Structure formats: structure tokens, C-alpha cells
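Here's the structure, in C-alpha cells; my notes come after.
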Amino acid sequence: MSRLGRDSNSDSSSLDDGSKSLLERSTNVTTENVRPAEEANGLSRMQTLIHLLKCNIGTGLLGLPLAMKNAGLLVGPLSLLGIGVLTVHCMVILLNCAHHLSQRLQKTFVNYEEAMMYSLETSPNAWLRTHSVWGRYTVSFLLITTQLGFCSVYFMFMADNLQQMVEEAHMTSNNCQPRKLLALAPVLDIHFYMLSILPFLILLVFIHNLKLLSIFSSLANITTLGSMALIFKYIIQEIPDPSNLPLVASWQTFLLFFGTAVFTFEGVGMVLPLKNQMRNPQQFPFVLYLGMSLVIILYICLGTLGYMKFGSSTQASITLNLPNCWLYQSVKLLYSVSIFFTYALQFHVPAEIILPFAISQVSESWTLFIDLSVRIALVCLTCVSAILIPHLNLVISFVGSVSSSALALIIPPLLELITFYPKDMSCITIAKDIMISILGLLGNPNWSESPHPQRIIYQWSNV
């Protein structure tokens with residue numbers, strides 16, 4: 001493979017030899033591991049849709065009723081719709097920029113971090129061209145942080161639900177009455193449940209082929225559909241009068257809503273990998289619009305109806321509001337199985353960034369050992385993070401507001417400005433991109449003091 005940035009202006013040659021060599025080795029390995037879709041008999045349109053749905057429907061979905069409470073009954077659904085539309089628009093921007101750069105540089109495809117680097121290399125600004133490699137490093141760091149953050153939240157979620165199912169079993173009945181909460185100490189520490197899940201997730205991440213993972217995505221979607229059916233069955237019954245619920249919440253709690261909402265749209269990191277591995281990549285925009293439309297409708301309906309049903313008693317996860325009977329305990333089981341399989345999808349992105357560099361440092365005989373070792377280490381890292389930071393809704397809001405908002409709302413508009421400015425952009429497009437990036441920055445919780453969510457207290461039902 002030719003040297004990176006061979007078609008860019010000569011200013012990019014000021015990169016030091018060490019950085020160039022590292023990037024060349026990383027890109028070479030990535031190209032060898034990820035073949036063009038036509039050669040690899042890539043994903044079908046249905047398989048891509050299944051992956052897209054699964055990587056967007058995660059743990060954040062169950063926190064949307066509380067997010068609506070933090071925004072207000074009127075502002076919440078409208079803001080969620082707006083964030084959804086903006087997120088999809090930024091996904092399309094990312095696709096357009098990657099396509100434009102791949103054509104300009106005559107490459108089969110480029111990923112997110114490569115798109116950022118190549119865009120900077122061909123920009124009219126000499127300083128940006130000289131420091132283009134840091135664009136790649138920044139996006140890679142954010143992708144790794146965000147996706148591993150999702151995986152850590154998945155650890156917390158599965159452990160929380162497993163703890164509740166096991167230790168509430170003797171109090172669970174067939175009588176599905178509204179839950180009455182009693183805060184009691186658990187029998188076993190939640191860390192025990194996290195460690196019990198760890199070996200199974202290690203085995204799961206050894207599967208790195210997206211086509212094979214589509215089987216598990218299908219199973220995850222089936223279990224998600226079953227759990228969603230049970231949740232909607234309960235929340236649409238006997239909804240109280242919503243007139244006493246506030247239409248608009250405070251600005252500080254709205255920041256928590258923003259973080260949870262952006263976190264919920266978890267699929268931005270998978271957009272380019274899915275398109276690049278499609279059998280017919282030109283069909284991906286249709287799949288994207290269809291899949292994300294279904295996702296946004298599901299989000300708004302569950303968040304709004306859940307808040308209307310439970311009002312001021314809405315918990316951090318809607319499963320904590322469900323009756324403690326066997327029927328609704330199965331929701332936790334079904335959704336936990338779904339999240340278990342989704343872990344492998346979210347893990348795919350950081351693995352594809354880290355593994356090529358790690359493998360390039362050793363001889364071919366050590367490739368398999370390093371591949372498996374890095375995967376095990378990354379899974380253990382997410383487990384340790386979940387143990388050290390056991391605050392589920394705080395992590396959701398933080399990851400959503402910082403890393404997810406940067407990747408989903410801040411970087412794509414900036415990437416479009418750098419890629420197409422000044423020849424192919426109107427003043428309206430420039431203003432639009434700047435406004436979207438500013439919105440993403442305003443959602444960062446570091447800009448103001450937002451309330452710290454309390455730890456999800458393990459609760460028993462008094463049935």
C-alpha cells in the first residue's frame with residue numbers, strides 16, 4: 001500500500017518518520033484484515049439493518065423515561081426527535097465525506113479516523129496539513145473511549161439485572177401488581193455478578209466477523225422485541241392524567257437529558273464499518289434512513305409513555321418500575337440477553353482500531369496470540385471500569401455528553417467544513433455545520449454544574 005497522504009500537498013511531509021511509519025503499518029494491517037465487501041461476500045441489506053438496529057438499541061433506551069422527566073413532557077419528546085434527526089444528518093455527513101475522500105484518494109473505503117486525517121491533509125490550511133495525524137489520533141481516542149464506555153455500561157446493566165433476578169427470586173410471585181419499593185442490602189456484592197459474566201463475554205468477543213455476528217444480532221433483536229412488547233403492554237394500561245406533569249424542566253436537568261439522549265444513539269461508530277462491509281454499499285443510505293426512523297419512533301414512544309405512566313416515581317431504568325412478578329422479571333432476562341450479544345458489536349470498533357497496530361509490532365507467528373490477548377485485555381478493562389465506577393446513569397450521561405456528542409454532533413460538521421470548504425459549500429451549509437457543532441459543545445456537562453445522579457440502589461419489592 002502506498003504511503004498515506006501521497007496525493008496531498010507537500011506540507012504533510014513534515015510529519016516525523018516515526019508517526020508516518022506507525023500509520024503506514026496500522027493502515028496496511030487494517031486493509032489486509034478488512035477486505036472489500038465484494039471479495040468477502042459482504043453483508044446483505046437485511047443483515048446490515050439488523051446490525052444497525054441492534055447497535056442503536058442498547059441500555060440507554062431503558063433510561064429514556066427518566067430522561068423525559070429531566071426535560072419535561074413537552075420539551076422531552078420534541079428534543080429527542082430533534083437530536084435524532086441531527087444525529088442521522090451527521091451520520092449522512094460522515095458517509096458523504098468518507099465517500100468523497102475515498103474517491104479523491106482512489107481508495108476502496110476509509111474509516112472514521114482515516115477520513116479525519118485525509119481531510120486535514122488536503123485542507124488549504126498549512127497548519128492543519130502539518131498536524132493532520134492528530135486528527136486521526138483524536139477520533140481514534142474518542143471512538144475507543146466511547147465504545148468501551150458503552151461496553152462498561154453493559155457490564156453494569158447485566159450485573160444489576162442478574163443480581164435483581166437472582167436475589168428477588170424468592171419474593172417474585174405470579175401476581176403482577178404495581179411495585180412497592182423497599183431498600184434492602186443485597187446478599188451478594190454486585191462485583192461477583194460482574195465477574196461471573198466476564199468469561200462468557202471473553203468467549204463472545206473472539207468472534208470478529210460481522211457476517212457471523214449478524215446471527216447473534218438477530219437473536220438480540222428477537223429478545224429486545226419480546227422485552228419491548230412486555231414493557232409496552234404494561235405502560236399503556238391505566239395511564240394517569242398527565243396534566244400534573246411539568247411540560248418544561250430546569251436547564252440543569254435538561255443537560256442530563258441531553259447526555260442520555262445522545263448516549264442512546266449508540267450507532268455512530270458503526271456506520272462506516274457497516275457500509276464498508278456491505279455487499280452493495282450504495283444501498284446503505286436506504287438502510288440507514290429506514291433503521292434510524294424505526295429507532296427514533298421507538299425512543300419517543302417508550303420515553304413519553306414511560307414518563308406518563310410512572311410520573312415523578314420514574315426510576316433510572318424502566319425495569320425498576322415494572323411489577324415484581326415472573327412475567328415482568330422475564331423483561332430483565334430478555335433485555336440482558338440482548339445486551340450481552342450487543343456487547344460484541346460495540347466491541348468491534350475499538351478492536352479494529354487497536355488490533356492492527358498491536359499485531360504490526362510482532363512477527364506473523366505471534367499474530368493469533370496477540371489478537372486474543374488484546375481482546376481479553378480490553379474486555380477485562382471494561383469489567384474493571386464497571387467495578388471502579390459503579391454509577392450507571394452518571395456514566396451514561398457523562399459518556400453521552402462528552403465522547404458520544406463529539407463523535408455524533410461535533411466532529412462530522414467540522415469534517416464537512418474541512419473537506420468541502422470553500423469550493424463546494426454555501427453560506428447556509430457553513431452556518432448549519434457551525435450551529436450543530438456548537439449544540440454538541442453546549443451539551444457537555446463540564447460547561448455547567450449538573451446534578452449528580454444517585455447510584456441505582458438495589459431495591460426489593462414488597463409484594
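Here the structure is a predicted model, which is why all the values come from computation and not from measurement. Computed from heavy atoms alone, side chains included, the values below leave out hydrogens, waters and symmetry copies.
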Does the plane of the ring in Trp366 sit parallel, tilted or perpendicular to the ring in Phe369? Use 30° and 60° as the thresholds.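 Answer is perpendicular, since the angle exceeds 60°.
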[X]: partners by side-chain hydrogen bond (donor to acceptor under 3.5 Å, both in side chains), with sequence neighbours left out:
X	value
Thr87	none
Ser373	none
Thr224	Ser338
Thr382	Tyr343

Could you work out, with side-chain contact (heavy atoms from CB on, under 4.5 Å) as the rule, every residue matching [X], not counting sequence neighbours?
X	result
Cys55	Met270, Leu345, Gln346
Thr304	Met68, Leu73, Pro77, Ile300, Met308
Val268	Met91, Leu407, Ala408
Val374	Ile354, Leu355, Ala358, Ile370, Leu378

Test ring-ring contact (aromatic ring centres under 6.0 Å, His included) applied to Phe284 - qualifying residues, sequence neighbours left out: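 Phe284 satisfies ring-ring contact (aromatic ring centres under 6.0 Å, His included) with no other residue.
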Phe141: what forms a ring-ring contact (aromatic ring centres under 6.0 Å, His included) with it, not counting sequence neighbours?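 None.
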Which atom pair, heavy atoms only, marks the closest approach of Leu120 to Ser132?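 Distance-wise, the nearest heavy atoms are CB-CB, 3.5 Å.
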Minimum-distance pair of heavy atoms, taken over all atoms of Ala98 and Val110: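 Answer, listing the atom of Ala98 first, then Val110: O-CG2, 3.5 Å.
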Reference residue Leu62; test side-chain contact (heavy atoms from CB on, under 4.5 Å); the match among Thr264, Thr319, Ile339: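 Testing each of Thr264, Thr319, Ile339 against Leu62, the sole residue satisfying side-chain contact (heavy atoms from CB on, under 4.5 Å) is Thr319.
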Under 3.5 Å donor-acceptor, [X] side chain and [Y] backbone:
X	Y	result
Gln315	Ser313	yes
Lys69	Ser312	yes
Arg375	Val205	yes
Gln237	Lys233	yes

All pairs passing ring pair (Phe, Tyr, Trp, His ring centres under 6.0 Å) where residues 45-93 contributes a residue, at least two apart: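 Matches after skipping sequence neighbours: none remain.
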Under the rule for salt bridge (Lys or Arg N to Asp or Glu O under 4.0 Å), what residues qualify as partners of Asp433, not counting sequence neighbours?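 Listed in chain order: nothing, the list is empty.
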Residues Tyr328, Tyr234; criterion ring pair (Phe, Tyr, Trp, His ring centres under 6.0 Å); working and verdict: CA-CA 9 Å; Tyr328 292 107; Tyr234 181 74; 5.3 Å; yes
